[in-house]
Amino acid sequence: NSFDEECDYLFKAVLIGDSAVGKSNLLSRFAKDEFCLDSKPTIGVEFAYRSIRVGDKIIKAQIWDTAGQERRLVVCDITRRPTFESLQKWLKELREFGSPEMVVVLVGNKSDLAQSREVNLEDGQRLAQLEQVSFMETSAKENLNVEEAFLQMINRIYEIT
Ligand code: GDP
């Protein structure tokens, strides 16, 4: 994953969502296979690279834990309902200010805490259908669906590139 590694494409993508939904940990799980139970709030910007193969192409994904690009994983915490309500607010802002080519994947993180769930899978799926995007539940902690969520986004970017 070095900076100079050869690749066919470089995609930039961004994670957004309320505080403490797990954005930093999804990023570190995807890029470094690391998880931190008491991670500190992100100050400033952080990004990580990871190269993946799509078909016969190597795509380098540069993923930012902040705002400012057109490709986004919008993350909520399934154990805190208000972070799900915020998804709609984030989406509305993205629609107003984003480009039509925007790629958005909705993520309900912390699926390992299903016993404290405040957001049903169906709620996420319904919102995604309404917004014509996809929804996935992940756990950065247990490494569930993290890869799939990022690959979903990277593949969609690839489709429209
Ligand atoms: P951010 O503010 O959205 O970047 O959130 P962080 O990645 O800093 O995570 C906030 C807190 O949630 C930290 O204490 C993490 O350890 C925890 N966390 C993140 N992802 C998960 C997960 O999938 N499951 C559980 N149980 N905790 C998580």
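Whatever order the structure lists ligands and atoms in, that order sets their numbers, starting from 1. Values below: all heavy atoms of this structure, side chains included; hydrogens, waters and symmetry mates excluded.
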(request) Measure the distances from the heavy atoms of C36 to every atom of ligand 1 and state whether one is below 4.0 angstrom. (result) yes
(request) Kindly identify the option in S116, G22, G108 whose heavy atom sits closest to atom 5 (O) of ligand 1. (result) G22
(message) Do L144 and L27 sit in one hydrophobic cluster, given that two such residues count as connected whenever their side-chain heavy atoms are within less than 4.5 Å of each other, even indirectly?
(response) no
(message) The criterion is salt bridge (Lys or Arg N to Asp or Glu O under 4.0 Å); which residues satisfy it with K92, sequence neighbours excluded?
(response) E96
(request) Report the distance from atom CD1 of I52 to atom CG of N155, rounding to the nearest 0.5 Å. (result) 6.0 Å
(request) Take the angle between the ring planes of F30 and F150 and call it parallel below 30°, perpendicular above 60°, tilted in between. (result) parallel
(request) Nearest heavy atom to atom 17 (C) of ligand 1 wins, so pick from K23, K110, R29. (result) K110
(message) Out of all atoms in ligand 1, which are within 4.0 Å of some heavy atom of L113? Include the element for each.
(response) 26 (N)
(message) Geometry only, no angles: is N25 polar-contacting ligand 1 at N/O separations under 3.5 Å?
(response) yes
(request) Quick one: list whatever passes salt bridge (Lys or Arg N to Asp or Glu O under 4.0 Å) with R126, sequence neighbours left out. (result) D123
(message) Please report whether ligand 1 has a polar contact with D112, defined as an N or O pair separated by less than 3.5 Å (distance criterion only).
(response) yes
(request) Using a 4.0 Å heavy-atom cut-off, say whether L26 meets ligand 1 through its side chain, its backbone, both or neither. (result) neither
(message) What's the separation between atom CZ in R29 and atom CD in E34, rounded to the nearest 0.5 Å?
(response) 9.0 Å
(message) Could you tell me, atom by atom, which parts of ligand 1 come under 4.0 Å of a heavy atom of S139?
(response) 23 (O)
